[in-house]
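Heavy atoms only: backbone and side chains are in, while hydrogens, waters and symmetry mates are out. Source: prediction; values computed, not measured. Residue numbers start from 1 in every chain, and the chains themselves are labelled A, B, ... in the order their sequence lines are given, proteins ahead of strands.
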2 protein chains.
Amino acid sequence: MNAKAKGATQDQKIYEHIFDAILEQRLAPGTKLTEEGLGEVFGVSRTIIRRTLSRLTHEGVVELIPNRGAYVAKPDIDSARQILDARRLIELALVERIAERGPQLKRELTLLRLLIDEEHASSARADTGTAIRLSGEFHLELAQLAHNEPLANFLRSLVSQTSLIIAMYQSSQQSNCAIDEHSKLLDAVEQGDKEQALSLMAEHLDHIEARLELVQNEQEVDLEKVFGHLRVRD
Amino acid sequence: MNAKAKGATQDQKIYEHIFDAILEQRLAPGTKLTEEGLGEVFGVSRTIIRRTLSRLTHEGVVELIPNRGAYVAKPDIDSARQILDARRLIELALVERIAERGPQLKRELTLLRLLIDEEHASSARADTGTAIRLSGEFHLELAQLAHNEPLANFLRSLVSQTSLIIAMYQSSQQSNCAIDEHSKLLDAVEQGDKEQALSLMAEHLDHIEARLELVQNEQEVDLEKVFGHLRVRD
DNA sequence: CGACGGAAGATTGTATACAATCCTAAAACA
DNA sequence: TGTTTTAGGATTGTATACAATCTTCCGTCG
């Protein structure tokens, strides 16, 4: 089994390493990812790296420009709005489905509570990167409970891209202030209180967006305004 | 530009050829897709085919089994339910967004009406494969109007897989009886009648599902029941 | 001094050779 | 006869060589 699963797991590991690095913001948006460079780091040929980059591209966290190479994606504001909009739609629908079966989910919910603990811990030691990743993983693990693979996979892509959006547009340095919204959400789910779960999820997503500055930040620089007072000749 | 865009367009063309073949049911679910075979057909090396198959796999229309090869996907019943469930969620949300801006969309809507005409034409000449594909394309073009790329892309994957589901589970030979539901839907959208558009879309999806037999068809064959009366010794 | 052009280096795109794995089927054995 | 073994062929997995493209930078020209 060691040799048998080697190929698949090796691929998976490399994928996860890059994926996590992006989600933990150790790779900033816009960073160039050269095939040979990554290949050397992981000790494989460009073939493998190429497949991995292709997968990351399909998930939206890497942008692949023909003949130019791969870069960590830099979602613009319009794209960010679409992603967050999609995410709201999917997560509300999933939470609705999950809350309906909430009381039967004791076992699965305790696993989720462990994840929350880890999240608190990393947040406490100011490990922002890990905290962001774990926060995303919470949403994904929760999504698994809805038993809809296509939706869960899609959400995975959306959550990853949300991490990039946070990296690019977070305004206040205050990290996840809403530190136990996850807990409260689980409580509502566990009690099968659909209405409460839905509004908590909606609020939670609101808070995430509230921490962003989704205003046109890179507006066209008006050189006149910047240098006008330096006019030397007239 | 001819040489410049060659690589990308070649890839795209091969992808679309295989994709359309699957959607038009010229490639039945379960069909093996060998890399060398496809490579010879399209006159490219396995490298290109491999990338294409990977993309089709991510979209769910091809299943890639390690060391075994690629096969046209055969969604089981559970998977089919999840796909249709997801599709209902996405399409209702999209139609809601589109209907709100309906009256401003005259131009785009005429394009859609042309698609419907084509659909009718191919249906009239009993070209079922093309009809199914065009029906899918209608939903995808409609989705574009919602200006949400992630959702539109996701729907693309769901619609493709729906074609596979229809291929596997269609019960009645009667093809698209609901031939002008698309038209009526567009009418409602054009008038900005959100409620009407939503219920028409819901009905439309209901009809698609109604034509399927999503009951466990491949149940374990009970040999006793089949051959029991032939018992020769006792 | 700035703009255009071209050559060198670096990076990606594609094809192919070789290795690993799987499937088939015939042969050996019980 | 039925099971297991083992070779052969076929197919996929990976690495690498070569081609195409892009980037950079230096030299020339205006």
Side-chain angles (χ1 to χ4, degrees), chain A residues 1-18 22 27-59 61-74 223 227 232-233, chain B residues 1-18 22 27-74 223 232-233:
Chain A
M1 164 213 130
N2 219 337
K4 212 178 152 189
K6 190 193 65 180
T9 44
Q10 178 176 260
D11 251 48
Q12 185 68 15
K13 271 191 176 173
I14 294 176
Y15 163 79
E16 280 173 10
H17 275 126
I18 303 178
I22 293 178
L27 284 173
T31 305
K32 167 120 196 217
L33 303 172
T34 65
E35 300 177 356
E36 198 171 3
L38 289 173
E40 273 182 34
V41 167
F42 294 110
V44 296
S45 82
R46 285 173 48 212
T47 308
I48 314 288
I49 300 298
R50 201 156 241 275
R51 191 169 43 240
T52 304
L53 289 177
S54 163
R55 179 171 169 196
L56 290 165
T57 299
H58 281 124
E59 289 190 17
V61 296
V62 163
E63 187 182 9
L64 206 48
I65 307 173
N67 285 319
R68 297 282 305 277
Y71 299 82
V72 178
K74 284 179 65 168
L223 293 178
F227 295 118
V232 288
R233 198 156 107 201
Chain B
M1 166 213 126
N2 221 336
K4 213 178 149 188
K6 190 193 65 179
T9 43
Q10 180 176 260
D11 250 49
Q12 186 67 15
K13 271 191 176 175
I14 294 176
Y15 163 79
E16 279 172 10
H17 275 126
I18 302 178
I22 294 177
L27 285 173
T31 305
K32 167 121 197 218
L33 303 172
T34 65
E35 300 178 354
E36 198 171 3
L38 289 173
E40 272 183 34
V41 168
F42 294 110
V44 295
S45 82
R46 285 173 48 212
T47 308
I48 313 287
I49 300 298
R50 200 156 241 276
R51 188 166 50 239
T52 304
L53 288 177
S54 163
R55 180 170 170 197
L56 290 165
T57 299
H58 282 124
E59 290 190 16
V61 297
V62 162
E63 188 182 9
L64 206 49
I65 306 173
N67 286 317
R68 298 283 305 275
Y71 299 82
V72 179
K74 285 178 64 168
L223 293 178
V232 288
R233 196 155 107 198

Results of side chain to side chain contact (heavy atoms under 4.5 Å, CB included) for A:R50 - residues two or more places apart only: A:E35, A:R46, B:R51

Nearest-angstrom distance from the residue atom CG of B:N67 to P of D:dG13: 5 Å

Heavy-atom check, side chain of B:L33 versus side chain of B:L27, under 4.5 Å: yes

Distance in angstrom units between A:I49 CD1 and D:dG13 P, rounded: 17 Å

Length of the CG-P vector between B:L64 and D:dT11, whole Å: 16 Å

d(CD1, B:I65; P, D:dG13) in whole Å: 11 Å

With A:E36 via side-chain hydrogen bond (donor to acceptor under 3.5 Å, both in side chains) - residues at least two apart: none

Nearest-angstrom distance from the residue atom CG of A:L53 to P of C:dT12: 9 Å

Separation of atom CZ in A:F42 from atom C1' in D:dT14, rounded to whole Å: 17 Å

Identify all pairs in which a protein N or O lies below 3.5 Å from an N or O of nucleotides 15-18 of chain C, and state each distance.
| residue | atom | partner | partner atom | Å |
| --- | --- | --- | --- | --- |
| C:dA15 | OP2 | B:S45 | N | 3.2 |
| C:dA15 | OP2 | B:S45 | OG | 2.9 |
| C:dA15 | N7 | B:T47 | OG1 | 2.7 |

A:I14 CD1 to A:R55 CZ distance, which is reported to the nearest 0.5 Å: 11.5 Å

Shortest side-chain distance from A:E35, nucleotide among D:dT11, C:dT11, C:dG13: C:dG13

Interatomic distance where OH belongs to A:Y71 and P belongs to C:dT12 [whole Å]: 8 Å

Salt bridge (charged side-chain N to carboxylate O under 4.0 Å, His left out) contacts in which one or both residues fall within residues 63-72 of chain B, not counting sequence neighbours: none

Non-hydrogen side-chain atoms of A:I48 and A:F42 separated by less than 4.5 Å: no

Step-by-step side chain to side chain contact (heavy atoms under 4.5 Å, CB included) determination, B:T52 to B:L38: CA-CA 10 Å; B:T52 304; B:L38 289 173; over 6 Å; no

Closest nucleotide among D:dT23, C:dT12, D:dT12 to the B:T34 side chain: D:dT12

End-to-end axis angle, where each axis spans five pairs of the helix from C:dC1-D:dG30 to C:dA30-D:dT1, to 10°: 0°

Touch class at under 4.0 angstrom, heavy-atom based, for A:R50 against every strand present: base

Aromatic ring pairing B:H58/A:H58, orientation class (parallel under 30°, perpendicular over 60°, tilted between): tilted

Residues in side chain to side chain contact (heavy atoms under 4.5 Å, CB included) contact with B:T57, at least two apart in sequence or another chain: B:V62, B:L64

